[in-house]
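Taking it in order: structure first as structure tokens, then the write-up.
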2 protein chains.
Amino acid sequence: MTELEYCVLGIVWEGGPLTAYEVAKPFAESPSSYWSGSAGAIYPLVRRLEEKGFLRGKSAQWNSRRKRVLTITEQGLAALREWLAPPFPPSAGAASFDPIRTRVVFINALPAKARARFFDDAERVVREQLTGLEELYAAQRETGTMALDALSTLGGMHELRARLAWLSEVRRELSS
Amino acid sequence: MTELEYCVLGIVWEGGPLTAYEVAKPFAESPSSYWSGSAGAIYPLVRRLEEKGFLRGKSAQWNSRRKRVLTITEQGLAALREWLAPPFPPSAGAASFDPIRTRVVFINALPAKARARFFDDAERVVREQLTGLEELYAAQRETGTMALDALSTLGGMHELRARLAWLSEVRRELSS
DNA sequence: CCGCTCATGTAACTGGTTACATGATTTA
DNA sequence: TAAATCATGTAACCAGTTACATGAGCGG
């Protein structure tokens with residue numbers, strides 16, 4: 001079971017009954033490039049989860065339009081809970097993949113001029129993403145009580161602010 | 001071209017000539033679960049890079065032991081530089097995938113008791129990884145001048161500290 | 001002589017990607 | 001009426017995974 005599969009379980013648990021199309025939407029709209037929400041990922045995936053007995057699909061009609069709505073089963077909820085519940089595997093706490101961090105290791109392969117622009121541009125792209133998350137966070141908070149997806153967005157903001165702090169530290173260290 | 005392919009280019013640029021085995025080692029030893037460094041990934045990959053003309057392989061002998069050492073070509077270096085140089089794609093600045101952040105969204109699917117343990121355990125795994133990175137950082141700094149891989153490790157430390165701060169903020173928010 | 005590291009690979013599999021294909025309904 | 005959205009899927013492809021297979025050299 002992949003993270004995507006568990007997330008689908010979670011989405012259906014929270015908002016079901018849903019069509020596969022509706023399940024895919026939040027992934028497609030997510031600001032994280034980790035999630036794509038493409039049809040080619042979702043449709044085979046829900047079939048897999050149905051075969052495992054974690055989701056139940058029901059054909060529904062709505063204005064002569066074919067539709068198949070998904071519900072989570074008892075087994076599906078149990079699997080979701082097992083995924084969510086501690087203890088977490090050590091890898092769950094590991095630092096994640098950051099393309100900028102990865103590039104820094106090889107920065108000496110760049111000529112000096114490009115090396116200077118590297119950090120300006122890195123800060124630029126991180127700041128842009130951070131602004132996006134801040135707007136999303138504001139929108140998510142608007143609905144009143146602190147929603148869990150707002151808290152998740154806040155996590156991304158924390159990460160990006162830490163990345164900015166690190167970037168300026170690196171810049172300082174390398175210029176000395 | 002994947003991130004892994006560019007990284008291999010970078011490693012050969014930095015330390016070449018190297019065998020594929022030696023190229024794989026730093027990935028296998030990396031504390032990040034993103035990199036595996038398995039043979040099944042590396043050997044087909046270096047063949048691909050050779051076919052593209054980015055790496056050159058040369059058979060070498062050492063005590064009647066077969067060995068194939070890799071060097072980066074001019075084209076390979078150009079490709080590496082293009083990957084390293086700004087402008088970065090917007091996705092390079094995006095918040096990365098954090099399994100704990102992902103789980104938080106669905107935390108209400110857990111019964112109250114497990115919900116409390118969730119944060120204790122999340123903190124635990126993050127702290128453990130952070131300790132690991134701190135030790136690695138100390139070892140990397142030992143060699144004298146601030147090496148780039150130490151700075152990269154520092155980036156991971158920043159990320160994990162931000163995650164801890166976020167976790168306690170979430171805990172506070174949810175208990176109120 | 002046993003087990004570890006060095007060293008090179010292959011084979012089957014899998015989860016996801018991109019791109020394509022279809023068609024109804026809604027909205028500007 | 002044209003474009004966007006809802007809705008469902010398939011097909012080819014691909015990078016990486018796990019597991020297997022082989023064998024030389026070295027340290028205890």
Side-chain angles (χ1 to χ4, degrees), chain A residues 1-9 11-12 15-30 32-52 54-55 57-70 83 89 91 97 99 102, chain B residues 1-9 11-12 15-30 32-52 54-55 57-70 83 89 91 97 99 102:
Chain A
M1 289 278 290
T2 64
E3 297 286 311
L4 181 60
E5 287 175 310
Y6 284 114
C7 277
V8 166
L9 239 38
I11 286 173
V12 175
L18 291 171
T19 64
Y21 180 85
E22 289 169 320
V23 169
K25 217 192 310 182
F27 294 109
E29 285 167 359
S30 160
S32 165
S33 52
Y34 183 82
W35 311 109
S36 91
S38 62
I42 291 295
Y43 286 92
L45 185 149
V46 301
R47 196 193 295 136
R48 258 166 11 230
L49 292 181
E50 282 186 73
E51 278 160 11
K52 280 189 176 163
F54 291 168
L55 289 183
K58 234 187 192 171
S59 285
Q61 289 285 352
W62 191 63
N63 282 12
S64 81
R65 192 174 178 161
R66 69 171 172 157
K67 220 178 172 184
R68 189 174 167 73
V69 289
L70 302 161
W83 174 66
S91 65
F97 171 70
T102 306
Chain B
M1 289 277 291
T2 64
E3 298 285 312
L4 181 60
E5 287 174 310
Y6 284 115
C7 276
V8 166
L9 239 39
I11 286 173
V12 175
L18 291 171
T19 63
Y21 180 86
E22 290 169 320
V23 169
K25 217 191 313 182
F27 294 109
E29 285 166 359
S30 160
S32 165
S33 53
Y34 183 81
W35 311 109
S36 90
S38 63
I42 290 296
Y43 285 92
L45 185 149
V46 302
R47 195 193 294 136
R48 255 161 20 224
L49 292 181
E50 282 186 74
E51 279 160 11
K52 280 189 176 164
F54 292 167
L55 289 182
K58 233 186 191 173
S59 285
Q61 290 285 352
W62 190 65
N63 280 14
S64 80
R65 195 172 176 161
R66 69 171 171 157
K67 221 177 170 182
R68 189 173 165 76
V69 289
L70 302 161
W83 174 65
S91 64
F97 171 70
T102 306

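The structure presented is a predicted model; accordingly, all values stated were derived computationally and were not measured.
- Between the side chain of B:E29 and the backbone N or O of B:P26, no donor-acceptor pair lies under 3.5 Å.
- Look at CD on A:E50: it is 13 Å from C1' on D:dG9, rounded to the nearest Å.
- For the pair A:E22 CD and D:dC6 P, the interatomic distance rounds to 9 Å; values are reported in whole Å.
- For the pair B:R68 CZ and C:dT8 C1', the interatomic distance rounds to 11 Å; values are reported in whole Å.
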- Task: Any chance you could list the contact pattern along nucleotides 12-21 of chain C? Use B for base contacts, S for sugar-phosphate-only contacts and - for none, protein heavy atoms under 4.0 Å, 5' to 3'.
- Result: ---SSBB---
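- Between D:dC6 and A:Y21, a contact under 4.0 Å exists linking OP1 or OP2 to a side-chain N or O.
- For the pair B:K52 NZ and D:dC14 P, the interatomic distance rounds to 11 Å; values are reported in whole Å.
- For the pair A:L49/A:M1, a side-chain contact is recorded, criterion being any heavy-atom separation below 4.5 Å from C-beta on.
- Looking at heavy atoms from C-beta onward, B:W83 lies in side-chain contact with B:C7 at the 4.5 angstrom threshold.
- Between B:F27 atom CZ and D:dA15 atom C1' there is a gap of 14 Å when expressed in whole angstrom units.
- A distance of 13.0 Å separates NZ of B:K25 from CD1 of B:I42, quoted to the nearest 0.5 Å.
- Remark: B:Y43 is in phosphate contact with C:dT8, judged by side-chain N or O atoms under 4.0 Å from OP1 or OP2.
- Put simply, CZ on A:R47 and CZ on A:R68 are 10.0 Å apart, with the number rounded to the nearest 0.5 Å.
- One interatomic measurement links the two molecules: CZ of A:R65 to C1' of C:dA24, which rounds to 6 Å at whole-angstrom precision.
- With contacts defined as side-chain heavy-atom distances shorter than 4.5 Å, the pair B:Y34/B:F27 does not qualify.
- Taking only side-chain nitrogens and oxygens, B:K25 comes nearer than 4.0 Å to OP1 or OP2 of C:dC6.
- Put simply, OG1 on B:T2 and CZ on B:R48 are 6.5 Å apart, with the number rounded to the nearest 0.5 Å.
- Between the NZ atom of A:K67 and the P atom of C:dT26 there is a distance of 11 Å, given to the nearest Å.
- Side-chain contact check for B:F54 versus B:V8: every heavy-atom pair is 4.5 Å or farther apart.
- In this structure, the separation between CD1 on A:I11 and CG on A:L70 is 11.5 Å, given to the nearest 0.5 Å.
- Look at CD on B:E29: it is 12 Å from C1' on C:dT5, rounded to the nearest Å.
- The C1' atoms of five pairs define one axis at each end of the helix from C:dC1-D:dG28 to C:dA28-D:dT1, and these two axes lie 40° apart (to 10°).
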